[in-house]
Amino acid sequence: MRYCLFIFLLLLSAGVFPQQQKQYAFTHFSTTNGLVSNSVFSVVQDKQGYIWLGTVDGLQRYDGNRFLTFRHSSSNPHSIPDDYITQLTEDKDGNLWLNAGGKTGFFNTKNFTFTAVSIEGENEDDPYNIQFFGAAVNGYIALYAEDKGFFMYDPVSKIFKPQISFKLPDKRHLYEIQSIDNNRSYWMGIYGGLLLFNSATGNLNYRGHNPDNNIFI
């Protein structure tokens, strides 16, 4: 797990010099003036302009003036599933997705309720280990479950459905993915380097293992 000390810089004002140069003023936010924790894993600005922060101690929204904090409550089934928020992202419909406490789902930014979304084939008693999720090429959410592969959110059935099945080598952690060639190939940033998945052959290509003889590998 990657930790980072979060230094939140907010643009307050800008002046234009005669040479068209801009001057900026910044404010530093920490636990002394609003943040619930200096350890922040993810930051998203939604379509309404709000800044959302996934921290180790809850979900926060910043509106330019104050922070609003959301935490898990055992008495509220619609609260966020855990205060340890590892990932945030927004889909094309403006839904704020988060991953916390072994659950992935979306947080309604209007009524402040969380809805967990199930993964096809997952057993609730043995949940998948979600390593990464983000916006897919269709604007919805895709996630990678360790040793299972990629799943894509289906807005009709409202569940994650399997897309590509594979296992990363040596249980390495996935940090980023980019699709190329109209989704025929996928470059992935993993712990230890880059990996290429070729959906036409079903092969994983990486240093020391290049069955497709990819020139970049």
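All values below come from the heavy atoms of this structure, side chains included, with hydrogens, waters and symmetry mates left out.
Residues Thr31 and Val36 have side chains not in contact (no heavy-atom distance under 4.5 Å, counting atoms from C-beta outward). Two residues are said to be in side-chain contact when any heavy atoms from C-beta on lie closer than 4.5 Å; Leu53 and Phe67 meet this criterion. The shortest distance between side-chain heavy atoms of Lys161 and Glu120 falls below 4.5 Å. Residues Phe160 and Thr104 have side chains in contact (heavy-atom distance under 4.5 Å, counting atoms from C-beta outward). Looking only at side-chain heavy atoms (C-beta outward), Tyr206 and Leu194 stay at 4.5 Å or farther from each other. Counting heavy atoms from C-beta on, the side chains of Thr109 and Tyr50 never come closer than 4.5 Å. Annotation: side chain of Leu143 is in contact with side chain of Ile119 (closest heavy-atom distance under 4.5 Å). With a 4.5 Å cut-off on side-chain heavy atoms, Asn108 and Thr115 do not count as touching.
The hydrophobic clustering, which links ILVMFWY residues whose side-chain heavy atoms are closer than 4.5 Å, places Trp97 and Leu59 apart. Note: the hydrophobic cluster containing Tyr140 also contains Phe151 (ILVMFWY, side chain heavy atoms under 4.5 Å, direct or indirect links). Grouping the Ile, Leu, Val, Met, Phe, Trp and Tyr side chains by contacts below 4.5 angstrom, directly or via other members, places Leu96 apart from Tyr153. Cluster membership check: Leu98 shares its hydrophobic cluster with Trp52, using side-chain heavy-atom separations under 4.5 Å among Ile, Leu, Val, Met, Phe, Trp and Tyr. Transitive grouping of hydrophobic side chains (ILVMFWY, heavy atoms separated by less than 4.5 Å) brings Ile141 and Tyr128 into a common cluster.
Atom-to-atom distance recorded for Glu90:CD and Asn95:CG is 8.0 Å, nearest 0.5 angstrom. Atom CG of residue Asp46 and atom CD of residue Gln48 lie 5.0 Å apart, to the nearest 0.5 angstrom. Between the CD1 atom in Ile217 and the CG atom in Leu204 there is a gap of 10.0 Å [rounded to 0.5 Å]. Interatomic distance, CG of Asn129 versus NZ of Lys148, reported as 11.0 Å (0.5 Å rounding). Atom-to-atom distance recorded for Gln45:CD and Ile51:CD1 is 4.0 Å, nearest 0.5 angstrom.
The aromatic rings of Phe112 and Phe107 sit parallel, their planes meeting at an angle under 30°, below the 60° perpendicular limit. A tilted orientation is assigned to the rings of Tyr24 and Phe26, their planes being inclined by 30° to 60°. Classified by interplanar angle (parallel below 30°, tilted 30° to 60°, perpendicular above 60°), the ring pair Phe41/Tyr84 is tilted. Ring geometry, Trp187 versus Phe216: the interplanar angle exceeds 60°, so the pair is classed perpendicular (tilted spans 30 to 60°).
Closest heavy-atom contact between Ile159 and Ser118: CG2-OG, 3.3 Å. Residues Ala100 and Ile85 approach most closely at CB-CD1, 3.6 Å, considering heavy atoms. Residues Ile80 and His72 approach most closely at O-ND1, 2.8 Å, considering heavy atoms. Residues Ser79 and Arg71 approach most closely at CB-O, 3.7 Å, considering heavy atoms. Residues Ser42 and Leu88 approach most closely at OG-N, 3.2 Å, considering heavy atoms.
For Tyr62 and Phe29, the ring centers sit closer than 6.0 Å to each other.
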(message) Could you go through Gln60 and Thr69, starting from their C-alpha distance and side-chain angles, then the distance that decides it, and tell me whether this counts as side-chain hydrogen bond (donor to acceptor under 3.5 Å, both in side chains)?
(response) CA-CA 4 Å; Gln60 288 195 287; Thr69 304; 3.0 Å; yes

(request) Could you please spell out the steps behind the ring pair (Phe, Tyr, Trp, His ring centres under 6.0 Å) verdict for Phe70 and Phe114? (result) CA-CA 10 Å; Phe70 304 92; Phe114 175 80; over 10 Å; no

(request) Could you walk me through whether Thr55 and Asp57 pass side-chain hydrogen bond (donor to acceptor under 3.5 Å, both in side chains), step by step? (result) CA-CA 5 Å; Thr55 82; Asp57 192 24; over 6 Å; no

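Side-chain contact annotation: Thr201 with Asp212, donor-acceptor N/O pair under 3.5 Å present. Asn210 and Asn214 form no side-chain donor-acceptor contact under 3.5 Å, judged by distance and modelled atom types alone.
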